[in-house]
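Structure first, commentary second.
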Amino acid sequence: MTYHLAVDIGASSGRTILGWVDNGKLKLEEVYRFENYIKKENGTLVWDIKHLVKEVIKGIAKCREIGKIPKTVAIDTWGVDYVLIDENGKEILPAVSYRDDRTNFVQEEISKLVPQEELYGRTGIQKQNFNTIYQLYCDKKSGKFDNAKYFLMIPDYIAYKLTGVMKNEYTNATTTNLVNAKTKTWDYEVIDRLGIKKDIFFELSQPKTEIGSFNDETKKAVGFDCKVICAPSHDTASAVCACPVDDKSVYISSGTWSLIGTENTEPVLSDDALNANFTNEGGINYRFRFLKNIMGMWLFQNIRSNLDKKFTYDDMMNLAMQSTYCEKIDPNAPEFIAPENMIDAVKKYLNNDALSLDSVINSVYHSLAQSYADAVLEIEKISGKSIESINIVGGGSKDRYLNSLTRKYTGKKVLAGPVEATATGNIICQLMYADENLTLEKARELVKNSLDIKEVE
């Protein structure tokens with residue numbers, strides 16, 4: 001049996017998942033799971049990247065323990081964040097999280113150098129305060145950038161630690177707001193105007209590109225050698241890779257963020273797309289993920305943390321279903337990005353300090369479903385497509401209540417699954433690397449016929 005390993009890391013947890021084809025069916029097996037977290041360091045929100053690398057190596061080593069050695073490994077993570085490397089190959093720490101507020105103070109400066117309308121017309125990426133373009137500019141202003149020799153997105157960095165080889169993968173690079181949507185390469189004119197060194201960036205590598213084999217340190221730690229290749233290293237790009245979408249459907253990649261959109265062969269760079277704050281992120285085979293970011297399970301994750309994790313997500317869902325309260329919040333409002341207390345933030349937004357817990361949670365549910373419905377209408381208007389169905393993938397697809405509310409608010413057919421869409425997309429990219437006759441269309445059909453995808457009643 002030939003195995004492939006997906007290293008799939010989200011903003012709150014990571015996992016290593018083996019995939020293989022048996023009798024024409026795609027099989028998946030979770031090997032290892034670990035926590036990922038943001039910590040505050042000297043007043044700044046940062047990622048513990050040493051912890052991440054350590055846990056990834058543990059997850060790979062588990063394959064040897066269970067006697068299933070993968071032929072290839074590929075890594076996907078969230079977008080936007082990165083690690084700077086000096087001329088000696090050492091990290092310039094800290095690796096700041098996109099949830100830190102440092103970028104709030106450079107918006108106007110950058111808009112004077114590259115007006116937002118022009119930036120969108122060049123890159124097709126929606127304006128979000130935490131985009132890499134703003135983070136890099138902060139590093140330039142602080143002097144952190146002075147000793148930087150190389151720029152690696154988080155999955156690029158993990159691959160570097162495993163192999164010693166540095167590459168920049170295309171799909172994750174598009175989240176930087178620095179890749180030209182038409183040329184599909186780094187936009188060096190924008191980079192020059194920001195005063196950022198352009199020689200720190202590598203030529204962009206496509207998914208299915210080989211990065212390298214394990215270095216000696218990794219081989220010693222895990223007990224075997226293996227090739228590391230580029231998956232669609234932005235987790236949403238991997239999730240959409242596994243999603244059986246067509247011109248009459250949209251996907252919702254439902255995790256910490258809800259990414260709702262459609263797949264196009266060309267970017268949509270119109271004023272309507274700009275004003276509606278849609279993004280054109282890169283996908284496999286140079287496809288574009290025309291989508292909107294909506295604050296998703298992050299809201300529930302924080303509410304659960306506020307409750308000291310005494311409630312399961314199912315407990316919270318059942319609480320919400322007991323409430324008739326449907327007043328709505330804007331899930332993308334700034335006060336929900338990184339509040340001290342999400343429950344209090346919702347109450348304050350709704351101007352109701354006496355709101356019960358079940359009503360707070362129900363408000364979030366209805367607000368998310370409404371935001372999905374609004375996004376579908378915008379997609380239809382801007383793209384000219386007539387949407388008939390919605391395919392919800394990722395961990396959030398297990399939420400029966402949110403699925404049913406999505407069906408109710410949108411009036412569309414709703415399909416739920418696969419749950420492990422990101423790891424699945426990562427795996428099928430590796431399968432396409434191993435078998436050049438396996439097209440994306442055939443790989444998506446394999447997913448459709450192998451994994452649990454159900455229509456929501």
Side-chain angles (χ1 to χ4, degrees), residues 11 37-49 78-85 91-148 151-154 172-179 186-198 200-201 256-257 274-275 277-279 281 292-295 298-299 302 329-342 344-345 348-349:
Y37 48 82
I38 299 169
K39 62 180 182 179
K40 186 165 279 192
E41 193 174 277
N42 299 321
T44 302
L45 297 176
V46 304
W47 298 106
D48 189 343
I49 57 171
W78 67 100
V80 174
D81 289 337
Y82 56 91
V83 181
L84 296 175
I85 307 292
E91 302 86 350
I92 301 174
L93 298 177
V96 180
S97 166
Y98 67 89
R99 291 197 183 275
D100 188 72
D101 65 1
R102 65 179 178 151
T103 56
N104 293 347
F105 312 107
V106 297
Q107 309 293 311
E108 191 172 332
E109 287 183 56
I110 288 182
S111 67
K112 290 178 180 177
L113 297 170
V114 189
Q116 177 57 25
E117 293 79 7
E118 181 187 355
L119 186 62
Y120 189 83
R122 300 178 75 99
T123 68
I125 299 300
Q126 69 186 124
K127 185 179 187 297
Q128 298 185 110
N129 288 354
F130 50 70
N131 284 354
T132 315
I133 187 173
Y134 305 117
Q135 296 200 53
L136 280 174
Y137 193 76
C138 287
D139 285 344
K140 176 200 160 190
K141 287 172 66 72
S142 71
K144 182 181 178 182
F145 209 67
D146 293 348
N147 296 321
F151 166 89
L152 299 174
M153 304 293 282
I154 297 294
N172 216 324
T174 63
T175 71
T176 63
N177 223 169
L178 294 169
V179 174
W186 294 112
D187 195 320
Y188 289 117
E189 182 177 334
V190 170
I191 291 168
D192 276 340
R193 282 157 68 178
L194 296 173
I196 295 172
K197 296 181 290 188
K198 60 186 179 184
I200 65 170
F201 301 99
T256 300
W257 288 87
L274 166 66
N275 294 332
N277 212 28
F278 271 77
T279 199
E281 294 174 351
K292 173 168 280 192
N293 287 270
I294 297 170
M295 207 94 70
W298 170 254
L299 301 162
N302 277 258
I329 61 171
D330 173 6
N332 280 353
E335 45 264 65
F336 303 129
I337 292 176
E340 290 292 329
N341 186 294
M342 186 66 77
D344 290 345
K348 184 177 180 180
Y349 187 97

| message | Quick check: do Lys40 and Ser97 have side-chain heavy atoms less than 4.5 Å from each other? | response | no
| task | Go through the structure and list residues passing side-chain contact (heavy atoms from CB on, under 4.5 Å) with Ile337, not counting sequence neighbours. | result | Arg99, Met295
| Do you know which two heavy atoms are closest between Thr132 and Val80, and how far apart they sit? | OG1-O, 2.6 Å
| task | Check the angle between the aromatic planes of Phe151 and Trp186 and answer parallel, tilted or perpendicular using the 30° and 60° thresholds. | result | perpendicular
| Between atom NZ of Lys112 and atom CD of Glu108, what is the distance when rounded to the nearest 0.5 Å? | 4.5 Å
| query | Would you say the side chains of Glu335 and Tyr349 form a donor-acceptor pair under 3.5 Å? | reply | no
| message | Restricting to non-hydrogen atoms, name the atom on Tyr134 and the atom on Gln107 that form the minimum distance, rounded to 0.1 Å. | response | CZ-OE1, 3.5 Å
| remark: When rounded to the nearest 0.5 Å, the distance separating SG of Cys138 from CD1 of Ile110 is 7.0 Å
| request: For the residue pair Ile133 and Leu119, establish whether any side-chain heavy-atom pair is separated by less than 4.5 Å. | output: yes
| Are Lys127 and Tyr120 close enough that some pair of their side-chain heavy atoms sits under 4.5 Å apart? | no
| Any donor and acceptor pair, going by atom type alone, linking the side chain of Thr103 with main-chain N or O of Asn129 inside 3.5 Å? | yes
| said: Nearest 0.5 Å, please: how far is OG1 in Thr44 from CD1 in Ile38? | reply: 12.0 Å
| Among all residues two or more places apart in sequence or in another chain, which pass the ring pair (Phe, Tyr, Trp, His ring centres under 6.0 Å) test with Phe278? | Phe290
| Looking at Asn341 and Asp344, what are the two nearest heavy atoms and their distance? | OD1-N, 2.8 Å
| field | Chi angles and distances behind the side chain to side chain contact (heavy atoms under 4.5 Å, CB included) call for Ile85, Glu91 | value | CA-CA 5 Å; Ile85 307 292; Glu91 302 86 350; 4.2 Å; yes
| task | With side chain to side chain contact (heavy atoms under 4.5 Å, CB included) as the test, would you mind laying out the steps for Leu274 and Gln116 before giving the verdict? | result | CA-CA 9 Å; Leu274 166 66; Gln116 177 57 25; 4.0 Å; yes
| query | Side chains of Gln128 and Asn177: is there a donor and an acceptor less than 3.5 Å apart? | reply | no
| What distance separates Asp146 CG from Lys197 NZ, expressed to the nearest 0.5 Å? | 7.0 Å
| field | Sub-4.5 Å side-chain heavy-atom contact between Leu178 and Asp187 | value | no
| task | Taking all non-hydrogen atoms of both residues into account, name the closest pair between Val179 and Ala173 and its distance. | result | CG2-O, 3.4 Å
| said: Would you say that Phe145 contacts Leu136 through its side chain, given a criterion of any heavy-atom pair below 4.5 Å between the two side chains? | reply: yes
| said: I want to check something: taking the side chain as every heavy atom from C-beta on, are Thr175 and Met153 in contact at a cut-off of under 4.5 Å? | reply: yes
| field | Non-hydrogen atoms of Pro331 and Leu299 that approach each other most closely | value | CB-CD1, 4.1 Å
| Between Lys140 (side chain) and Leu194 (backbone), is there a donor-acceptor pair under 3.5 Å? | yes
| Closest heavy-atom contact between Ile196 and Tyr137? | CD1-N, 4.5 Å
| message | I need the Tyr188 OH to Phe201 CZ distance, nearest 0.5 Å. | response | 7.5 Å
| Does the side chain of Asn293 come within less than 4.5 Å of Glu281's, by heavy atoms? | yes
| Regarding Tyr37 and Asp48, is there a side-chain donor-to-acceptor distance under 3.5 Å anywhere? | yes
| request: Measure the NZ-CG distance between Lys292 and Asn277 for me, rounded to the nearest 0.5 Å. | output: 6.5 Å
| request: Report the C-alpha separation of Thr176 and Tyr82 in whole Å, then their side-chain angles, then the decisive distance to 0.1 Å, and conclude whether the side chain to side chain contact (heavy atoms under 4.5 Å, CB included) test is met. | output: CA-CA 10 Å; Thr176 63; Tyr82 56 91; over 6 Å; no
| Thr279 backbone acceptor or donor facing Gln126 side chain under 3.5 Å | no
| query | Hey, do the aromatic rings of Phe130 and Trp78 have their centres closer than 6.0 Å? | reply | no
| message | Evaluate Asp81 against Trp47 for side chain to side chain contact (heavy atoms under 4.5 Å, CB included), listing each step before the verdict. | response | CA-CA 9 Å; Asp81 289 337; Trp47 298 106; 2.6 Å; yes
